[in-house]
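Computed from heavy atoms alone, side chains included, the values below leave out hydrogens, waters and symmetry copies.
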Amino acid sequence: MGLLAGRRDRQVDTVFVALDVTEETLQGAVDAGAQMMVTHHPLLFSPVKQINDGDFMGRRLLGLIEHQVTYYAMHTNFDVTGMGELNRQALGIEESLPLEAEDPQNPHIGIGRVGDLREPVTLEEFARRVKEGMKVPSLRVYGDPGMMISRAAVCGGSGKSVIGQALEAGAQALVTGDVDYHTAIDTLARGMAVIDPGHYGSEYVFISYMAEQLRQMFPDLKVEEAAISHPYRVV
């Protein structure tokens with residue numbers, strides 16, 4: 001993605017890191033006095049034909065421009081080089097490889113991760129590890145709680161597209177977000193359990209990780225982080 005709004009020559013001394021540009025995170029950037037905002041998800045996924053206050057997209061873009069907040073998004077590039085590794089570490093998956101390799105010259109760069117667990121655990125135990133490792137308030141689990149998991153796959157965000165790759169790699173469980181009911185039960189019928197921690201739940205680790213990377217790369221830069229706020233609650 002890269003630079004999506006703002007001037008390239010903007011002087012920056014404060015950066016605000018978030019997962020998405022929302023009314024709340026944009027206000028957080030403004031309150032922090034940030035000249036730049038860095039997110040994982042891009043605000044713009046498709047062409048925009050008009051920018052006005054008549055819809056939420058226009059209001060967010062106007063907010064960035066009016067407050068002179070330069071906006072940079074790291075989506076696929078971070079999915080390929082960072083997200084899978086962070087998810088792998090959180091779940092204790094070892095000796096892993098990408099589910100979708102992106103660089104023939106470097107087999108360790110790509111979308112998601114698949115690998116063995118240090119020792120087999122039940123699906124119930126592994127689901128508990130996912131909940132604790134990703135620090136999510138809840139998750140959905142499809143599969144027999146007692147089935148043994150020794151090899152698992154993970155894909156941050158929405159990973160329905162990598163179900164085939166996970167099966168081919170021998171994974172007994174796939175951890176990913178946005179899995180609909182029919183896809184989940186069909187995947188289970190093919191022999192692989194599904195654990196869904198939510199799209200936000202599997203990717204919000206970007207915030208703390210990227211903030212720390214920026215602090216290390218630019219010691220004089222002030223880096224602020226968006227508060228962790230799951231977009232749903234269980235009632």
Side-chain angles (χ1 to χ4, degrees), residues 1-6 10 12 14-87 90 111-112 134-140 154-161 175-180 196-215 221-234:
M1 286 294 178
L3 183 65
L4 297 185
R10 180 84 160 108
V12 176
T14 301
V15 173
F16 189 85
V17 182
L19 190 66
D20 302 272
V21 176
T22 64
E23 282 73 16
E24 292 79 14
T25 60
L26 177 54
Q27 188 59 53
V30 173
D31 292 343
Q35 298 85 25
M36 185 174 186
M37 189 170 185
V38 175
T39 70
H40 177 50
H41 295 140
L43 178 60
L44 301 172
F45 271 104
S46 56
V48 175
K49 295 183 178 180
Q50 58 185 15
I51 300 175
N52 57 50
D53 61 357
D55 66 84
F56 74 95
M57 185 67 71
R59 288 191 293 273
R60 291 174 186 176
L61 286 167
L62 285 172
L64 288 166
I65 295 169
E66 290 172 349
H67 292 286
Q68 299 185 53
V69 178
T70 297
Y71 173 49
Y72 192 97
M74 303 176 64
H75 194 222
T76 306
N77 52 353
F78 189 77
D79 280 337
V80 168
T81 60
M83 191 65 77
E85 181 62 17
L86 294 178
N87 290 156
I111 301 294
M134 290 188 165
K135 297 181 175 61
V136 292
S138 66
L139 43 74
R140 291 184 296 166
V154 62
C155 182
S158 181
K160 291 190 296 182
S161 64
V175 180
T176 192
D178 297 344
V179 181
D180 63 87
D196 187 342
H199 197 125
Y200 184 93
S202 63
E203 290 193 325
Y204 77 86
V205 65
F206 167 86
I207 301 172
S208 59
Y209 175 83
M210 187 51 57
E212 185 56 32
Q213 290 297 304
L214 289 171
R215 292 185 185 109
L221 189 67
K222 182 180 180 182
V223 181
E224 299 287 347
E225 303 175 33
I228 303 305
S229 178
H230 291 273
Y232 71 92
R233 56 193 177 94
V234 179

Could you measure the distance from the OG1 atom of Thr39 to the CE atom of Met210? Nearest 0.5 Å is fine.
10.5 Å

Which atom names give the shortest non-hydrogen contact between Asp53 and Arg59, and what distance separates them?
O-NH1, 3.1 Å

Any chance you could measure Leu221, atom CG, to Gln35, atom CD, to the nearest 0.5 Å?
8.5 Å

Over 60° means perpendicular and under 30° means parallel, so tell me whether Phe45 and His75 are parallel, tilted or perpendicular.
perpendicular

Heavy-atom closest contact (Gly6 atom, Thr70 atom, distance)
CA-OG1, 4.1 Å

Please determine whether side-chain contact (heavy atoms from CB on, under 4.5 Å) holds for the pair Lys160 and Asp180, giving the CA-CA distance in whole Å, both sets of side-chain angles, and the decisive distance to 0.1 Å.
CA-CA 9 Å; Lys160 291 190 296 182; Asp180 63 87; 3.1 Å; yes

Could you check whether any side-chain heavy atom of Arg60 comes within less than 4.5 Å of a side-chain heavy atom of Leu43, counting everything from C-beta outward?
yes

Are side-chain heavy atoms of Leu64 and Leu4 found at a separation under 4.5 Å?
no

Scanning both residues in full, the closest heavy-atom pair of Gly54 with Asn52 reads N-OD1, 2.8 Å

From Asp196 CG over to Asp178 CG, what is the distance, rounded to the nearest 0.5 angstrom?
6.5 Å

Taking the six-membered ring where the residue is Trp, are the ring centres of Phe78 and Tyr209 under 6.0 Å apart?
yes

Do Glu212 and Ile207 have side chains that approach each other closer than 4.5 Å (heavy atoms only, starting at C-beta)?
no

Do you know which two heavy atoms are closest between Ser138 and Val234, and how far apart they sit?
OG-CG2, 3.2 Å

Within a strict 4.5 Å, meaning less than it, do heavy atoms of the Val69 and Met36 side chains meet?
no

One pair to check against side-chain contact (heavy atoms from CB on, under 4.5 Å): Leu86 and Val205. What are the steps and the verdict?
CA-CA 8 Å; Leu86 294 178; Val205 65; 3.9 Å; yes

Is the backbone N or O of Gly177 less than 3.5 Å from a side-chain atom of Ser202, with the two atoms forming a donor-acceptor pair by type?
no

Closest approach of Ala227 and Tyr200, non-hydrogen atoms and distance?
O-OH, 4.2 Å

Taking side chain as C-beta onward, heavy atoms only, is Val175 less than 4.5 Å from Asn87?
no

Quick one: does Arg10's side chain have a donor or acceptor within less than 3.5 Å of a partner on Gln68's backbone?
yes

Between Asp55 and Met57, the two heavy atoms sitting closest are OD1-N, 2.9 Å

When you look at Met37 and Val21, which way does the side-chain contact (heavy atoms from CB on, under 4.5 Å) test go after all the steps?
CA-CA 9 Å; Met37 189 170 185; Val21 176; 4.1 Å; yes

Taking C-beta and beyond as the side chain, do Leu62 and Ile51 meet within less than 4.5 Å on heavy atoms?
yes

Between Glu225 and Arg215, does at least one N-O distance fall below 4.0 Å, as a salt bridge requires?
yes

So Tyr204 and Lys135, do their side chains get closer than 4.5 Å, heavy atoms only?
yes

Interatomic spacing from CD in Glu224 to CG in Leu214 - rounded to 0.5 Å
12.0 Å

Main chain of Val179, side chain of Arg140: is a donor-acceptor contact present, judged purely on distance under 3.5 Å?
yes

Please examine the side chains of His41 and Leu19, heavy atoms only from C-beta on, and report whether any two atoms are closer than 4.5 Å.
yes

His230/His199 aromatic ring centres below 6.0 Å
no

Go through the steps for Tyr71 and Phe16 under the test ring pair (Phe, Tyr, Trp, His ring centres under 6.0 Å), then give the verdict.
CA-CA 10 Å; Tyr71 173 49; Phe16 189 85; over 10 Å; no

Applying side-chain hydrogen bond (donor to acceptor under 3.5 Å, both in side chains), run through Asp79 and His40 and close with a yes or a no.
CA-CA 9 Å; Asp79 280 337; His40 177 50; 3.2 Å; yes

Taking the side chain from Thr22 and the backbone from Thr25, do they hold a donor-acceptor pair closer than 3.5 Å?
yes

